[in-house]
Amino acid sequence: MTTEQNLIPIGKLLRADASSFVAGCRVKDMQNPKFGALVKVALEDGDEIFGLIQNIVINDDGLVRQLVSGMSIPSEYTEDNRYNRNLPVEIHVLTVGFKHQGKVSHQLPPKPPMSLDKLYYCTDSEVVEFTSHGRFGYFRHILRMEDQPVEELLVSHLDKARAAHGDKTNLDWYAQACQELIVSLRDDYQRLANVLNALAELE
Amino acid sequence: MPVNYLQVENNLVTFSEKTKQHHDQLKVAREQLTGTYKALDGSSAAIRTKIEKAESVLKSIYCAKPTGEPLLFAKNAPPAPEQYTLVAADGSQINPSRHRSLQFCVINVGLIKLLKGSGKAPEIEIQSSLLDFEHLYSAEGTLVGEDMVALFRDHAERKAILDFTGLDEGPIITLTDGPLDVYLGMNIDQRRKDLQEEVFTVNRHLEARGVISAGYIDKPGSEMLSRMLSVYNTPDDKLASYDDKQRPIRGVPDAELLEVCVTQPGQRSAVFEAVSKNPIVVEKRIPVCFFYLNVSQGEKPWLVRVEFPVWVSKDPNLVDLLHSVVYAETQVLDTHPYPYLLHRSHELAVISMAEADAVESMLLQQLDADGLRLGQISNKEANKALLRR
């Protein structure tokens with residue numbers, strides 16, 4: 001998917017650590033962030049940090065809580081809360097790699113991005129470049145996650161990445177990715193079964 | 001430093017006993033006043049005549065005056081129209097302080113406009129202005145006080161409303177928090193009079209365009225009805241020497257008195273005119289009417305005061321419109337009924353400490369660029385700031 005959307009930031013960094021970061025956007029921009037999408041933060045030195053959107057959190061405040069408990073909310077006031085009020089949507093991103101001097105790595109970056117750095121969607125060619133590098137090393141970051149819907153994240157990511165690869169030439173990429181997952185999860189039958197069940201829904 | 005709770009605790013029992021005594025006294029007073037009020041239900045015209053007579057002979061009077069509806073009148077909220085424009089405005093300010101590095105004042109006005117029935121998000125705007133340097137000091141050369149800044153703020157608020165409602169059509173209602181007329185304080189100088197006149201002109205423009213301006217007073221404590229009854233019960237020959245300090249029944253707010261008749265959610269009271277006359281003559285003041293509105297959910301009445309210009313009271317349809325729209329607006333935040341748009345305008349207007357500091361930095365940078373090495377906070381403020389960290 002290479003569109004103008006890839007050139008427009010979908011959020012700005014709120015906070016980060018070595019293995020994940022959180023960006024914020026306004027509720028009115030909610031149509032932009034999508035669970036499982038590969039995103040990147042372009043650093044000032046030219047490096048890029050890649051991540052997968054692992055969670056999207058919609059925040060509330062006292063006014064929203066009061067409105068929720070009300071009998072009926074005029075549609076104009078629903079719009080007011082979505083479009084005018086300063087309630088950021090939090091985009092939680094799992095760091096899966098970086099690019100330094102044009103070279104992709106599936107290791108964690110030497111330093112996390114900084115607050116207010118801009119978050120962008122990766123273009124199809126960037127998705128292909130990142131996911132084709134090496135032998136799916138970035139899967140380990142996903143499989144290490146706890147208390148998260150890992151299977152859903154994998155399926156969502158593979159679906160989007162397969163679409164990106166489909167426009168290119170590497171039609172075997174998806175099969176190789178599935179094979180790699182089977183190997184990685186061979187000692188965790190329950191999780192493997194969950195992943196394969198979830199992947200079956202893509203067919 | 002923390003509160004010395006032990007010392008406070010020593011006074012709790014006494015405080016509670018005195019509060020109970022006061023409460024019991026007020027209960028008796030309320031029953032007395034309610035009895036008088038009920039007995040005069042059909043005497044609106046006679047009360048009106050008496051108040052007008054008092055107005056003519058007294059230099060100072062502040063009370064209610066019936067407009068025609070019986071005292072115990074109560075009316076259910078009519079259904080709100082499907083389409084109307086509602087504008088709310090609220091102001092906030094950074095008061096000038098000699099303890100800051102620099103003396104300055106910023107007035108912020110938050111505006112929000114609902115086009116009811118459009119389905120669109122309300123339009124919002126924030127107008128911020130740095131008070132002109134020459135307005136920072138009084139004629140005596142002292143920094144202006146909070147009263148004067150409040151007048152500047154109210155003035156900015158009204159002017160902003162006039163601009164913000166410029167191109168709208170159809171029924172237009174504006175809401176501000178607090179009494180409709182601006183507060184002038186007790187020491188009225190020329191500058192205050194000028195501002196008051198400008199506000200008056202704004203109100204005239206709004207009236208000419210048919211815009212209904214309303215002031216919303218939550219938890220009102222005024223005793224205008226109590227004063228009205230006191231004046232009415234004063235013999236004619238003693239009216240000229242009426243002294244409100246001698247009023248026998250005190251401490252019963254109008255909102256409590258009217259709970260006997262405005263019992264149901266959405267009901268409003270009779271419309272009254274606010275009589276406000278003091279020795280300092282200010283000719284151009286907006287004549288104001290008001291009604292009390294029960295915004296509760298039905299358990300216990302919660303009465304608020306809604307003020308509006310007298311010209312609105314002449315048209316029952318406009319009073320109905322205001323009644324229905326304000327009530328509908330309070331029910332959006334129904335656990336703590338208060339007009340949604342008014343809350344939002346406050347949210348837009350409020351200036352945080354960090355923002356005040358940022359404005360101060362902007363000013364200091366400008367002065368620095370202009371070669372003026374000004375600005376040192378007081379030692380007192382510097383030490384207070386340490387506590388905040």
Side-chain angles (χ1 to χ4, degrees), chain A residues 4-5 8-16 21-34 44 56-91 112-119, chain B residues 77 79-88 90 110-126 164 168 173 175 265-266 295-298 324-352 354-355:
Chain A
E4 282 186 9
Q5 203 177 32
I8 301 170
I10 57 172
K12 295 191 186 79
L13 260 286
L14 291 168
R15 56 189 180 273
F21 48 92
V22 180
C25 74
R26 292 170 70 120
V27 179
K28 69 178 178 184
D29 300 323
M30 252 303 282
Q31 64 272 28
N32 282 331
K34 290 185 173 60
E44 284 181 0
I56 299 168
V57 178
I58 296 155
N59 285 294
D60 65 354
D61 68 359
L63 181 59
V64 172
R65 279 194 288 274
Q66 198 176 346
L67 286 170
V68 163
S69 65
M71 293 290 284
S72 65
I73 309 167
S75 59
E76 292 87 355
Y77 293 165
T78 303
E79 296 297 292
D80 182 42
N81 277 272
R82 289 180 181 168
Y83 288 83
N84 290 336
R85 298 191 69 240
N86 191 22
L87 289 174
V89 172
E90 286 189 354
I91 307 164
M114 301 293 286
S115 56
L116 299 181
D117 275 344
K118 291 173 183 167
L119 185 71
Chain B
E82 290 184 2
Q83 293 186 325
Y84 56 85
T85 300
L86 181 62
V87 171
D90 196 26
L111 294 148
I112 183 163
K113 185 193 313 180
L114 164 73
L115 300 177
K116 179 66 179 169
S118 69
K120 293 178 183 169
E123 185 184 336
I124 57 174
E125 189 173 312
I126 297 170
F164 202 56
D168 299 303
I173 296 168
L175 264 185
V295 298
S296 76
Q297 296 288 298
S324 63
V325 168
V326 173
Y327 178 62
E329 191 62 14
T330 61
Q331 297 307 294
V332 176
L333 302 175
D334 57 2
T335 47
H336 297 286
Y338 185 79
Y340 174 86
L341 276 204
L342 212 44
H343 174 75
R344 286 283 289 120
S345 64
H346 170 74
E347 199 176 63
L348 291 168
V350 73
I351 304 174
S352 66
E355 288 166 332

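Note that this is a predicted model, so its numbers are computed, not measured.
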Enquirer: Checking heavy atoms, do the side chain of Y83(A), its backbone, both or neither come under 4.5 Å from chain B?
Expert: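 Contact with chain B is through the side chain of Y83(A) alone.
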Enquirer: Is the shortest side-chain N to carboxylate O distance from K116(B) to E329(B) below 4.0 Å?
Expert: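 No salt bridge links K116(B) with E329(B).
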Enquirer: Please classify the contact between Q297(B) and chain A as side chain, backbone, both or neither, with a heavy-atom cut-off of under 4.5 Å.
Expert: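 When you check distances to chain A, no heavy atom of Q297(B) falls under 4.5 Å.
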Enquirer: Have a look at D90(B) and tell me which of H343(B), R344(B), H346(B) forms a side-chain hydrogen bond (donor to acceptor under 3.5 Å, both in side chains) with it.
Expert: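 Single side-chain hydrogen bond (donor to acceptor under 3.5 Å, both in side chains) partner of D90(B) among H343(B), R344(B), H346(B): H346(B).
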Enquirer: How long is the straight-line distance from CD1 of I112(B) back to CG of D80(A), given to the nearest 0.5 Å?
Expert: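 Those atoms lie 4.5 Å apart.
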Enquirer: Name the region of Q331(B), side chain, backbone, both or neither, that has any atom closer than 4.5 Å to a heavy atom of chain A.
Expert: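 For Q331(B), neither part sits under 4.5 Å from chain A.
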Enquirer: With a 4.5 Å limit on heavy-atom distance, are the side chains of D117(A) and F21(A) in contact?
Expert: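 They are not in side-chain contact.
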Enquirer: Is it the backbone or the side chain of L333(B) that comes under 4.5 Å from a heavy atom of chain A, or both, or neither?
Expert: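 For L333(B), the contact with chain A is made by backbone and side chain together.
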